[in-house]
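Following: one structure in structure tokens, then a few remarks.
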Amino acid sequence: MDQTHNEIEKIFSPKDIETKWYTRWEEGKYFKARKGKQHRPFSIVMPLPNVTGRLHVGHALDATTQDAIIRFKRMKGYETLWLPGTDHAGIATQAVVEKLVWEKEKKTRHQFTKEEFVEKIWQWKREYGNIILDQQKSLGASADWDYAMFTLDPDANKAVREFFVNMYNEKLIYQANYIINWDTTLQSAISDAEVEHKEVKGNFYHILYQVEGSDEKLEIATTRPETLLGDTAVAINPNDDRYKHLIGKKAIIPICNRVVPILADEYVDIDKGTGCLKVTPGHDFNDFELGKRHNLEIVNILNKDGTLNENGLQYKGLTCSKARLEIIKELEHLEILKEIKEHIHQVGHGERSGTVIEPMVSRQWFLNVQKMAKQGIERVTADTTRFFPKGWENTYFAWLKEPRDWCISRQLWWGHQIPVYYCKKCHYTWASKDEPSGCTKCDSSNFYQDPDVLDTWFSSGLWPLTLLGWPNPERMRERKFDTFYPTSTLITGYDIIFFWVARMMMMCDKAIGNVPFNHVYIHAIVRDKFGRKMSKSLGNGIDPLEIVGQYGADALRFTLTAGSGYNRNLNLDPERISGYRNFMNKVWNAFRFVHPFLNTAEQKLPTSNKLAPHERWIISELNSVIKIVNDSMEEYRYDDASAAIYSFVYDKFCSWFIELSKNILYSEDQKARAQRATVLKFTFKKIVAILHPFAPFITEELWSYLKSPQEDLLIVADFPEFTEELVFADDQNNMNRFIEIVSLIRNLRASVDIKPKDLVNVEIFTEIVEVKNYLQNNLANLQDLAKIKSMAIKNRSDIRPKKSIMAATSFCEIFIPLEGFVDIAAQVQRLQKDLQKAQKEFDKYNGKLSNENFIKNAPEDVVAEVKHNASEFAQKIAVIRENIQRFN
RNA sequence: GGGCGUUUAGCUCAGCUGGGAGAGCGCUACCCUUACAAGGUAGAUGUCGGGGGUUCGAUCCCCUCAACGCCCACCA
């Protein structure tokens, strides 16, 4: 036997088997969708990692939760497809390559032509662009990598053009001079969603504006005095008695001496600031709207890099912040700066660049999302697409309720170029799904394409369609669009509900009239053990690849699934990973024990009447775990599923069933041995099967020992299902009593410091025949598990042993006679404690029963249960009392 | 400014439509018992954030206060 044990390493070492099995799966095409017994598809679109990305623990959670459900469904017999891809991530990627080129060649992108520089990015992409996908493989991700696409692939461009041109022709995409968020570092427009508001300490500057043809001065409060150079009006509330009389008059802007109207608008808040507002339509969102209402002139004072232009007069060329200082000086000099008050306010910053966003008016492309947003809300309200947990609907709705048109153009080089063309000859403008050869109108070849590119989210918003071949009919057939669209589940973090989930819902639905996914599971965001975001500056990041090297992919995966339910944060403590690494080792060693006996095991389980009680018990317990795992997975409760498996393996299988099997396996009874081996094998096969979605590597390895030669790899084995016929309530009941007795004996031993090697005699008093028989049949097991020498089973009418320790259950009394000195006082004290506990419980139930309103109002079954509990504790109390007396 | 969420054992978190609180890790004591010391056995710990209400009964429902967190919002 020992030799056989030694064939398998004592300590599970994940490294060797991880590569082995991943290669087998990949080469065996196991990640490909194949028809199964369900005759139903299951598909997931992988949230796009940026090509520049490196695997962090957030990706690991993403990949693990997706892979677990994919493996689960695959085993359940769904035609299962996981669609990977990478995102060109316009700004991020361009920035990475710009930095690299600067480091290498000391050149900026402006020293290249656009074509040259874009080619450099492509070179970079070809070399490094697949790193992140490869990294996911080390976690066991079972995606169909042949399906992988890049958002800038020519086929992705087809989808982008298709959607763009259709929207353009429907007039939902339009070009307009509008105030947008201008990022002066990127020198591009960015969308509202990409602006991050940060609290900034600033000042309120109270400036006096002269009213034309009067001595009166208007006191205006502003946080941005430099923008006064762009002021084209002063506004007050029409109901503000302080200023009413000035409506229609004019004010003179200091420094530039522009004469502007004083107008009335309800928007102005009487109580805010001085109640008097300078209006800068060129550089403020509200002022822009106000300006539109009143037909105000727009004065732009900024260059693309954020410095002042010629409208900045003598401050031309200065940055905003420098100009602000200079202008403050000048206002002081003019003695019209009345006061400066400290003021904390929210200022928009570029999400990528971190620089202060300048609202600026410029000509940009917009997508009108009003109707799409409405539809997006309806789809979720109608449960066509369901969120798990449901609460995240709110976040989704919040975004779609009051949508502003989406600024989709970016002044970058890296991205899908806007497919709009301008004829230089006849000045015709048109949008085209293909590369045109000439002007649609006059056929001139003298035309050019709009130089702007589209927001990255424009292409990722169409991603489910793109991956499945839309809009090319042939490609759609190849990629089985009709089978896999709509995809089953989208799994992602809540941070991109706006950016991505909402946009896919709007765009895909608009494009083909059907939602992109039926379920959305929103998982937690991974934080460090203190709940802090993981970041480079804090140095609290956990590198998943390092963890995989240290503890194995299975341990990491199990930690992540055990922590993934409906929670919004997952605080990851490396100690927990090591805890689950221990669990993997436990499974491994349980197998090491079982392994040598497997050769005598049958493939099929005997009929239930032939099974031993313990065998029926473990099968019944196994059956309930299988149910929990199946049910939990349907609701994305990875935590419940993981916990159920964990406790079954530890608390049922290893602690009891393996221990109880030793006597049989080491006995001479060939038949019993073979049968026990069969049950162990049966159970173990189910264990590795239900564990496989969470810990694919170790389970596939163990499966290779357990499977019959005809059976395929575990990755495509049948997932265990709950079976009504395998519920054995009586056996569970008896076993629970047995466990209680063993635990109490151990407990008694510990209370008087009896060492494990010192065997004791036990006397058990009960009237219940079932209990008597069960104990009789388990004498050997009791000897092993409770370390006893002999056991006497007696009636309650029999005499209790004198010097002894005892404990009571509701169905029996357990006595351990002690030789030599017994500390009576200590025994009585212990029993008193037991008594108190039981009394407390009894009082609780009895209190209820003596409340007639409870009897009257509570449901029958609850009352019955309380009655039952009360009588059980009453019995226990009586027995303990009796024994305390006996000791005295 | 608006909205959402959280508050349960030392730590991280479960707790389904109300029947009286659980897990993992950690901690303490004792054990190298022939699968596993990455192990075994036993054990301790909670006024379920505070206050009020509904109910026979509240961790769960309602109100209120407090602390913390997140998201959204146009820089008067």
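Order of the sequence lines sets the chain letters (A, B, ...), proteins ahead of strands, with each chain counted from 1.
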Exercise for the section: May I ask you to verify if any side-chain N or O of A:H283 is less than 4.0 angstrom from the OP1 or OP2 atom of B:rC75? Expected result: no

Practice task
Using a heavy-atom cut-off of under 4.0 Å over every strand shown, decide if A:A221 touches base, sugar-phosphate, or nothing.
Solution key: sugar-phosphate

Problem - Length of the line joining A:I658:CD1 and B:rC36:P, which is rounded to integer Å - result: 11 Å

Problem - Aromatic centroids of A:F842 and A:F873 separated by under 6.0 Å - result: no

Practice task
Please determine if a side-chain N or O atom of A:K401 lies less than 4.0 Å away from the OP1 or OP2 oxygen of B:rC71.
Solution key: no

Exercise for the section: Look at the side chain of A:K586 against the base of B:rC36 and say whether a donor-acceptor pair falls under 3.5 Å; ignore hydrogens and angles. Expected result: yes

Exercise for the section: Just compare B:rC56, B:rA73, B:rG19 and give me whichever is closest to any side-chain atom of A:N853. Expected result: B:rC56

Problem - Upstream residue (5' side of RNA chain B) when A:F583 and A:K833 are each assigned their closest nucleotide - result: A:F583

Completion exercise
In whole angstroms, the gap separating C1' of B:rC71 from CH2 of A:W392 amounts to 8 Å

Practice task
Could you work out the separation of B:rG49 and B:rG69 based on their C1' atoms and round it to a whole Å?
Solution key: 15 Å

Exercise for the section: May I have the distance from A:R592 (atom CZ) to B:rA35 (atom C1'), rounded to whole angstrom? Expected result: 6 Å

Handout entry: Below 4.0 Å: OP1/OP2 of B:rG39 and any side-chain N or O of A:N582
Key = yes

Exercise for the section: Describe the nucleic acid contact of A:V866 in one word from base, sugar-phosphate, nothing, applying a heavy-atom distance below 4.0 Å. Expected result: nothing

Handout entry: Gap in Å between the two C1' atoms, one belonging to B:rC71 and one to B:rU8, rounded
Key = 26 Å

Completion exercise
From NZ of A:K848 across to P of B:rG18 the rounded distance in Å is 14 Å

Problem - P atoms of B:rG18 and B:rA58, separation to the nearest Å - result: 13 Å

Handout entry: Option passing ring-ring contact (aromatic ring centres under 6.0 Å, His included) with A:W392 (candidates A:F397, A:W399, A:F387, A:Y494)
Key = A:Y494

Handout entry: Comparing A:E841 and A:T222 on RNA chain B - which has the more 5′ nearest nucleotide
Key = A:E841

Exercise for the section: Is it possible for you to check whether A:R637 lies under 6.0 Å from the centre of the six-membered ring of A:Y566, through NZ or CZ, and within 45° of that ring's axis? Expected result: yes

Exercise for the section: Output yes when at least one side-chain N/O atom of A:K787 is less than 4.0 Å from OP1 or OP2 of B:rU41, else no. Expected result: no

Handout entry: Sugar-phosphate only, base, or nothing, as touched by A:A643 at under 4.0 Å among non-hydrogen atoms
Key = nothing

Handout entry: Phosphate OP1/OP2 of B:rA37: any A:K10 side-chain N/O under 4.0 Å
Key = yes

Practice task
Tell me what A:V279 touches on the nucleic acid: a base, only sugar-phosphate, or nothing, going by heavy atoms under 4.0 Å.
Solution key: nothing

Problem - B:rU7 to B:rA14 separation - C1' atoms, rounded to the nearest Å - result: 15 Å

Exercise for the section: Answer with yes or no after comparing the ring centroid distance for A:F498 and A:Y396 against a 6.0 Å cut-off, counting only values under it. Expected result: no

Practice task
Kindly point out which of B:rA38, B:rC75, B:rC71 is positioned nearest to the side chain of A:F498?
Solution key: B:rC71

Completion exercise
Of the listed B:rU41, B:rC36, B:rC75, the closest approach to the A:H197 side chain comes from B:rC75

Practice task
Identify whether any heavy atom of A:I855 sits under 4.0 Å from a base atom; if not, whether one sits that close to sugar-phosphate; answer base, sugar-phosphate or nothing.
Solution key: nothing

Handout entry: Identified side-chain contact (heavy atoms from CB on, under 4.5 Å) partner of A:T184 from the options A:L302, A:T355, A:I357
Key = A:T355

Practice task
I would like to know whether A:R293 and A:D265 meet salt bridge (Lys or Arg N to Asp or Glu O under 4.0 Å); could you show each step before the answer?
Solution key: CA-CA 9 Å; A:R293 284 199 289 277; A:D265 196 290; 3.1 Å; yes

Exercise for the section: Evaluate the side-chain proximity of A:N585 to A:F583: yes if any heavy-atom separation is below 4.5 Å, no if none is. Expected result: no

Practice task
Mind checking A:D573 for me? I need base, sugar-phosphate or nothing, with any heavy atom below 4.0 Å counting as a touch.
Solution key: nothing

Handout entry: Nearest-Å distance once atom P is located in both B:rA23 and B:rA66
Key = 36 Å

Practice task
Using a 4.0 Å heavy-atom cut-off across all strands, classify A:K662 as base, sugar-phosphate, or nothing.
Solution key: base

Practice task
Respond yes when some side-chain nitrogen or oxygen of A:N857 is under 4.0 Å from OP1 or OP2 of B:rC56, and no when none is.
Solution key: yes

Problem - Spacing of A:D183 atom CG relative to B:rC75 atom P, expressed in whole Å - result: 17 Å

Exercise for the section: Please state the P separation for the pair B:rA21 and B:rU28 - nearest whole angstrom. Expected result: 28 Å

Practice task
For the residue pair A:I698 and A:V688, establish whether any side-chain heavy-atom pair is separated by less than 4.5 Å.
Solution key: no

Practice task
Look at all strands and tell whether A:F288 reaches a base, only sugar-phosphate, or nothing, counting heavy atoms closer than 4.0 Å.
Solution key: nothing

Completion exercise
Taken to the nearest whole Å, OH/A:Y580 to C1'/B:rG26 is 13 Å

Practice task
May I ask you to say what A:R404 touches in the nucleic acid, namely base, sugar-phosphate or nothing, with a heavy-atom cut-off under 4.0 Å?
Solution key: sugar-phosphate

Handout entry: C1' gap between B:rA44 and B:rC25, integer Å
Key = 16 Å

Practice task
Name the nucleic acid region contacted by A:Q346, choosing base, sugar-phosphate or nothing; use a 4.0 angstrom heavy-atom cut-off, strictly under.
Solution key: base

Fill in the blank from the handout: Partner of B:rU34 under the Watson-Crick or G-U wobble criteria, both distances under 3.5 Å, comes out as none

Exercise for the section: Return yes if a side-chain donor-acceptor contact under 3.5 Å exists between A:R676 and A:S661, otherwise no. Expected result: yes

Problem - N or O in side chain of A:N747 less than 4.0 angstrom from B:rG43 OP1/OP2 - result: yes

Handout entry: A:F591 and A:Y705 aromatic ring geometry - parallel, tilted or perpendicular at 30°/60° bounds
Key = tilted

Exercise for the section: Can you tell me the pairing partner of B:rU12 across any strand shown, Watson-Crick or G-U wobble, with both distances under 3.5 angstrom? Expected result: B:rA23

Exercise for the section: Would you mind telling me which of B:rA73, B:rC36, B:rC31 lies closest to the side-chain atoms of A:E659? Expected result: B:rC36

Exercise for the section: List the steps, then state whether ring-ring contact (aromatic ring centres under 6.0 Å, His included) holds for A:F684 with A:F653. Expected result: CA-CA 9 Å; A:F684 222 109; A:F653 189 70; 5.5 Å; yes

Fill in the blank from the handout: To the nearest angstrom, the OH-C1' distance between A:Y650 and B:rA38 comes to 8 Å

Exercise for the section: Pick the P atom in B:rG22 and in B:rA9, then give their distance to the nearest Å. Expected result: 14 Å

All N/O contacts under 3.5 Å from nucleotides 13-15 of chain B to the protein, with atom names and distances to one decimal?
{"residue": "B:rC13", "atom": "OP1", "partner": "A:N571", "partner atom": "ND2", "Å": "3.1"}
{"residue": "B:rA14", "atom": "O3'", "partner": "A:R637", "partner atom": "NH2", "Å": "3.3"}
{"residue": "B:rG15", "atom": "OP1", "partner": "A:R637", "partner atom": "NH1", "Å": "3.1"}

Exercise for the section: Kindly indicate whether the side chain of A:R746 and the base of B:rA42 share any N or O donor-acceptor pair separated by less than 3.5 Å? Expected result: no

Exercise for the section: Using whole Å, report how far CG of A:L277 lies from P of B:rC75. Expected result: 13 Å

Completion exercise
Answer for the Watson-Crick or wobble partner of B:rA67, both distances under 3.5 Å, is B:rU6

